[in-house]
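Taking it in order: structure first as structure tokens, then the write-up.
Chain letters run A, B, ... following the sequence lines, proteins first and then strands; every chain starts at 1. Not measured: the values here are computed from a predicted model.
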2 protein chains.
Amino acid sequence: MLSKKTKYGLKALTYLARRKDRSPVQIAEIARHENISQKFLESILLTLRKNGYLGSRKGKGGGYYLIKDPAEIPMTGVMRVLEGPIAMVPCVSLNFYETCDDCPDEATCSVHKLMLQVRDSALEVYRNNSLADII
Amino acid sequence: MLSKKTKYGLKALTYLARRKDRSPVQIAEIARHENISQKFLESILLTLRKNGYLGSRKGKGGGYYLIKDPAEIPMTGVMRVLEGPIAMVPCVSLNFYETCDDCPDEATCSVHKLMLQVRDSALEVYRNNSLADII
DNA sequence: GTAAACTCTAGTAAAAAGATAGGATAATAA
DNA sequence: TTATTATCCTATCTTTTTACTAGAGTTTAC
């Protein structure tokens with residue numbers, strides 16, 4: 001299941017990307033338009049900013065804005081920041097690899113074999129979609 | 001993340017499929033070989049039996065066994081039984097469809113658009129892999 | 001009839017998800 | 001300078017899900 005965090009994060013990014021100008025937009029405005037709890041959205045936008053997707057300005061007239069061109073933002077990174085690893089098991093993860101402690105051998109593991117394919121297919125989708133593509 | 005339930009279920013199915021004969025195998029034997037809590041595995045095998053993947057025999061010499069030829073068992077169904085919907089959001093689910101109450105229009109929803117592609121790519125993997133394929 | 005093995009219901013502990021509170025900080029405008 | 005606005009940040013809380021456990025019941029082989 002996609003977490004609400006990811007869902008809301010994607011909706012917020014989309015909302016910002018759909019605007020013509022890149023002037024700051026208040027959290028409250030995004031929350032209102034996308035039916036998101038404002039406080040929850042606050043924390044999501046914060047992590048998107050810390051990961052280089054958004055810029056922010058405090059005070060009157062402040063808010064969040066996109067830093068990059070939506071066409072230059074592949075979903076791969078966005079999904080990793082919001083949802084975590086793209087792989088469904090750590091032993092097939094590119095960025096968060098870990099061995100399974102309960103599994104003696106990856107080479108013969110059926111779960112490994114299947115999940116490797118699932119990861120690759122998901123990865124291809126995320127790589128082929130930029131923020132601009134899903135608007 | 002793939003749940004342990006699914007992981008263990010797949011391992012158990014694999015274990016049974018790798019055997020030459022189809023005589024009953026005790027839960028304890030599977031649990032031991034695959035490093036799974038026996039009681040937990042019990043409940044997993046039960047749901048696999050209720051969904052038509054396994055047969056069972058009680059009493060001495062009893063156990064679980066595969067009902068069908070591994071080549072005739074696509075991962076699609078197994079994953080749905082163990083893990084639930086393949087789609088990451090209900091609004092793109094084939095078998096468990098639900099509208100999002102917070103989303104006014106699916107046609108313009110960026111999350112919908114992206115997750116539809118992810119579902120299709122995952123579905124293709126599961127359709128192209130039978131139990132026999134991942135052994 | 002007894003031991004072996006699955007069946008079934010219930011329950012529990014830990015972790016994650018989802019959301020909220022409230023003050024700190026910084027920018028703006030008067 | 002002061003009041004206002006809006007993000008920043010930490011902490012906490014509730015709910016749901018996950019992973020696992022307990023124990024009594026039922027069926028079968030011998």
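Ion pairing of Asp133(B) with Lys113(A) is absent here, as no side-chain N (NZ or NE/NH1/NH2) approaches a carboxylate O to less than 4.0 Å.
Within the 4.5 Å cutoff, the side chain of Leu16(B) has heavy atoms near those of the Ile30(B) side chain. Using a 4.5 Å heavy-atom threshold, the side chains of Leu114(B) and Tyr126(A) count as touching.
Along DNA chain C, the nucleotide closest to Tyr64(B) and the one closest to Lys60(B) are compared, and the more 5′ of them pairs with Lys60(B). Mapping Gln38(A) and Arg57(B) onto DNA chain C by nearest heavy atom places Arg57(B) closer to the 5' end of the strand.
The side chain of Leu46(A) approaches dC9(D) more closely than any other nucleotide in the set dT21(D), dC9(D), dA19(D). Nearest nucleotide to the Lys50(B) side chain, out of dC6(C), dT7(D), dC8(C): dC8(C). Here the nucleotide nearest the side chain of Phe40(A), chosen from dC9(D), dA19(D), dT20(C), is dT20(C). For Lys39(B), taking side-chain heavy atoms from C-beta onward, the closest of the listed nucleotides dC9(D), dG18(C), dT21(D) is dT21(D). When distances run from any side-chain atom of Glu42(B) to the nucleotides dT21(D), dA19(C), dT7(C), the shortest one goes to dT7(C).
Look at CG on Leu45(A): it is 14 Å from P on dA19(C), rounded to the nearest Å. The distance between atom CZ of Arg49(B) and atom C1' of dT7(C), rounded to the nearest whole Å, is 8 Å. Atoms CD1 (Ile36(B)) and C1' (dT21(D)) sit 16 Å apart, rounded to a whole Å. The distance from atom CG of Asp101(A) to atom P of dA19(D) is 13 Å, rounded to the nearest whole Å. Residue Leu82(B) contributes atom CG, which lies 13 Å from atom P of dT18(D) at whole-angstrom precision. Regarding Leu54(A), its CG atom lies at a distance of 15 Å from the C1' atom of dA6(D), rounded to whole Å. When the C1' atom of dA27(C) is taken as reference, atom OH of Tyr65(A) falls 12 Å away, rounded to whole Å. Summarising the geometry, the separation between CG on Leu41(A) and P on dG18(C) is reported as 14 Å, rounded to the nearest angstrom.
Between Tyr8(A) and Phe40(A), the ring planes are perpendicular. Angles over 60° get that label, and only those under 30° would be called parallel.
Between Ser37(A) and dT20(C) there is a side-chain N or O to OP1 or OP2 distance below 4.0 Å. Taking side-chain N and O atoms only, Tyr8(A) has no distance below 4.0 Å to OP1 or OP2 of dG18(C). The shortest distance between the side-chain N/O atoms of Ser56(B) and the OP1/OP2 oxygens of dT7(C) is below 4.0 Å. An OP1 or OP2 oxygen of dC20(D) is reached within less than 4.0 angstrom by no side-chain nitrogen or oxygen of Ser43(B).
Listed in residue order, the members of residues 14-29 of chain A having a heavy atom less than 4.0 Å from DNA chain D are Gln26(A), Ile27(A).
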Candidate pair Ser3(A) and Glu83(A), rule side chain to side chain donor-acceptor pair (under 3.5 Å), full reasoning: CA-CA 7 Å; Ser3(A) 67; Glu83(A) 189 74 5; 2.9 Å; yes

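More than 12 heavy atoms of other residues, nucleotides or ligands shown are found within 6.0 angstrom of CD on Glu106(A).
For residues 28-54 of chain A, the salt bridge (charged side-chain N to carboxylate O under 4.0 Å, His left out) pairs, not counting sequence neighbours, are Arg19(A)-Glu29(A), Lys39(A)-Glu42(A).
Using a 4.0 Å heavy-atom distance criterion, Lys7(B) is classed as making no nucleic acid contact.
When Leu123(B), Asn128(B), Asn129(B) are each tested for a side-chain contact (heavy atoms from CB on, under 4.5 Å) with Val125(B), only one passes: Asn129(B).
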